[in-house]
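See below for the structure under consideration.
We name chains A, B, ... by the order of the sequence lines, and we start the count at 1 in each one. Keep in mind that what you see is a predicted model, and the values were worked out from it rather than measured.
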Number of protein chains: 2
Amino acid sequence: MATLKDIGTELGLSVATVSRALNGFPEVNARTRDRVQQAAERMGYRPNRIAQRLVTGRSGMVGMIVKIRPDMSSEMTFFEILTGLTAALAARDTDLVLAVDQADDPVVPYQRMLERGILDGFILNAPVPDDPRVAWLQARGIPFVMHGQSDAQVDYPFYGIDNRAVMADSVGLLAALGHRRIAFLNGEVRLAFAADRRAGFRAAMAAEGLAVPEAFIASDQPGESYGYARALAMLSGRLGPRPTAVICASTVIAAGVMQAARDLALAVPRDLSVMAHDDALPQLRAINFSPTLTVTRAPMREACVPLANHLIDHIDGVAAARLQTLIRAEVIVRNSTGPVPEGGHDPWH
Amino acid sequence: MATLKDIGTELGLSVATVSRALNGFPEVNARTRDRVQQAAERMGYRPNRIAQRLVTGRSGMVGMIVKIRPDMSSEMTFFEILTGLTAALAARDTDLVLAVDQADDPVVPYQRMLERGILDGFILNAPVPDDPRVAWLQARGIPFVMHGQSDAQVDYPFYGIDNRAVMADSVGLLAALGHRRIAFLNGEVRLAFAADRRAGFRAAMAAEGLAVPEAFIASDQPGESYGYARALAMLSGRLGPRPTAVICASTVIAAGVMQAARDLALAVPRDLSVMAHDDALPQLRAINFSPTLTVTRAPMREACVPLANHLIDHIDGVAAARLQTLIRAEVIVRNSTGPVPEGGHDPWH
DNA sequence: TGCGCAATTCAAATCGTTTTGAGAAATTGC
DNA sequence: GCAATTTCTCAAAACGATTTGAATTGCGCA
């Protein structure tokens, strides 16, 4: 591996000049810069990140700690994030160091990674309300970006979708079609995004003047059979008058709901409208549902680009307040939603 | 963060002595060593990996590049590997840098990661026959360990299970129960492990004097519905006399086969024996099948400990020949296998 | 008392980069 | 033509560890 010194001796220049030439400092002669750049190219020079880090205090590496949650949905999502994130970080010359959290205390793995002294910052995901990781990292001045934050009243960088708006859009769409009994199959409310959606759902329903019995708001790990089982219970009539529309927190859940509808001989959208929030996971595309699925859509992979940029910008010193992005999911109306069926006009109460 | 110099000035010692004291060199006075160690403890000293790397040429970081393969089975497996691997690496004070391969050329992502100059070696998985990554890394003298190699005639470190033995054990068990028509639902034969299993299956069947029509050896990405669809075809009788036993490359596939048997009203193990190779994925446990599943078992997570150790030992200079581990999977007989049913004694030919 | 040897410790070089402060060369102003 | 400025380049110091070779100390022994 060629070093700055190699280029320097080759060209009869000092390492200082070579360094400045390559880093685009203005005080170096244009002809010298050309010579240096050509030599660097020719000799296959790559700056040694280790040496750079030692002097700049930056390593060009960020950490992410994933928590094992044994459900398919979170694994698919994680893969999607990983793909988008490593690509987006690579575009800014940054590497991703990964660890799996197997500890009880949520901050322990962060502490362990930090002790190595090789990280510039962290990417956090799946926030919980009053996330203890946030306080811990902020107390130590460690830069981080939060993925999935949807409450803007914080003082750290984040990227997330407006989950209340997601629910307002979904409920609004269904209410406009005449639906009054709308059920909601949520994710785990322990997680902030699901808590926000639940609040958003209730607020949107209330705004339409509609009440929802607790039995028709489900919350759990969005596993393989969760959607199917909960939809079956809700649609069977056992819990009360069955909903005419169901909103799902993910397309995985929607797949289960569709299956339940088929098993109960309910036609979608004639007897039941179904919609979901779509992270655009390539394994389960809303367009491949039958009927095609009406969704609120916010591609997970694309979200990784601003996520990576926010973190690196923050490390570079940009203020947190300028690195807070809350996007609004797109509403895509397809064929799984339709007008409220005959005789379904009555609200629950 | 406390440095060697901090400890030195605190104790009135030179950094050299502090360094030697902490690294267990014999020429430092026992009392001095104690003082240094206590001071280090008290001041929360952690060696700066970056500085260590610069002078030793070692970074304590290894890379892994995962290839996106959109099937559930490989994602579950990847999670399992990730969990075991980061824990095993951490035990040897090593971090894992991860990237996702989205390029066509299999060596390009390795080259890109290497250019950063921060890695001590690589963990490769999912080898293909004559893997181009091997030649590329060997030509450059980059240490690596291969996960899943099952042919011992190579000159690099690896850890894998003996896939031919897996098939010999499986076929042997079923043949001993009187089965003559044994089908095999394999993984993708593009991958070395599946090619080895196919060869092992054929050899084991030939050793029992049994022929198998090609229609009863399936190979594909072990997706969600693959096992179900292939088993349905084989067991329907459309392709010829139906098998009395099925061997599956994974428990995911076996789940599909069980479902197909149920749909065709075939009782397991009375009408059909089913066995699988079990990577011990926590999401799909062989013991939770009904009936409980007979398997060849080799826990994926445990495999990561020798995998990590092989790589780090190799980086430390241990010869590749001493770092080749081929383990034999354990055979666990449960309730999904039984004697060949009445009238199922005839071989295919 | 003085010499040699072992046991400890230390100063300095090293890794490859960035950055500071200063110096040399070229250009300008009077 | 000489001083003042601008333009360019360089040597050296840093970052925090390891490692080499030398220096110091204490000890036993003649």
Side-chain angles (χ1 to χ4, degrees), chain A residues 1-37 39-40 43-61 93 114-120 315-317, chain B residues 1-37 39-40 43-61 93-95 114-120 315-317:
Chain A
M1 267 279 172
T3 68
L4 283 187
K5 207 205 283 191
D6 294 338
I7 301 180
T9 53
E10 173 92 1
L11 264 50
L13 291 169
S14 74
V15 290
T17 305
V18 176
S19 172
R20 323 194 92 120
L22 291 174
N23 290 327
F25 280 65
E27 64 263 47
V28 40
N29 188 303
R31 219 173 48 242
T32 308
R33 163 166 295 126
D34 284 350
R35 284 171 61 215
V36 170
Q37 280 172 342
M43 301 168 76
Y45 170 78
R46 301 264 170 253
N48 183 323
R49 303 301 237 46
I50 299 289
Q52 272 180 332
R53 153 81 201 208
L54 193 56
V55 63
T56 61
R58 295 269 307 268
S59 68
M61 302 199 297
D93 213 32
L114 217 52
E115 277 180 349
R116 305 266 163 78
I118 53 168
L119 295 182
D120 293 339
I315 292 169
D316 284 342
Chain B
M1 266 279 172
T3 70
L4 284 188
K5 207 205 280 191
D6 294 337
I7 301 181
T9 52
E10 174 92 2
L11 264 48
L13 291 170
S14 72
V15 289
T17 306
V18 176
S19 172
R20 322 194 94 120
L22 291 173
N23 289 326
F25 281 66
E27 64 264 44
V28 37
N29 189 303
R31 221 176 43 244
T32 310
R33 161 164 299 125
D34 284 349
R35 284 172 60 217
V36 170
Q37 281 172 342
M43 302 169 73
Y45 170 77
R46 301 268 171 244
N48 182 322
R49 303 299 237 41
I50 299 289
Q52 270 180 333
R53 154 81 202 210
L54 193 56
V55 62
T56 62
R58 293 269 307 270
S59 68
M61 302 198 296
D93 214 30
T94 301
D95 288 310
L114 218 50
E115 276 180 351
R116 305 263 162 82
I118 52 166
L119 294 182
D120 293 339
I315 292 168
D316 283 342

Drop me the distance from A:Ile118's CD1 to A:Arg53's CZ, to the nearest 0.5 angstrom.
8.5 Å
The reported gap from CG in B:Leu11 to CG in B:Asp6 (rounded to nearest 0.5 angstrom) is 11.5 Å
Measure the distance from [atom1] on [X] to [atom2] on [N] and round it to the nearest whole Å.
X       : N      : atom1 : atom2 : result
B:Arg20 : D:dT20 : CZ    : P     : 8 Å
B:Ile7  : D:dA17 : CD1   : P     : 8 Å
A:Asn48 : C:dT14 : CG    : C1'   : 14 Å
B:Leu13 : C:dA11 : CG    : P     : 10 Å

Got a donor-acceptor pair under 3.5 Å from the side chain of B:Arg31 to the base of C:dT9?
no
With hydrogens left out and only the distance checked, is there a donor-acceptor pair under 3.5 Å joining B:Arg53's side chain and the base of C:dT17?
no
Below 4.0 angstrom from OP1 or OP2 of D:dT18, is there any side-chain N or O of B:Thr56?
no
By salt bridge (charged side-chain N to carboxylate O under 4.0 Å, His left out), A:Arg33 pairs with (sequence neighbours left out) none
DNA chain D contacts among residues 21-29 of chain B, heavy-atom distance under 4.0 Å:
B:Asn23, B:Phe25
Base, sugar-phosphate or nothing for B:Gly12? Non-hydrogen atoms, less than 4.0 Å.
sugar-phosphate
Which sits closer to the 5' end of DNA chain C, B:Leu54 or A:Gln52, going by the nucleotide each is nearest to?
B:Leu54
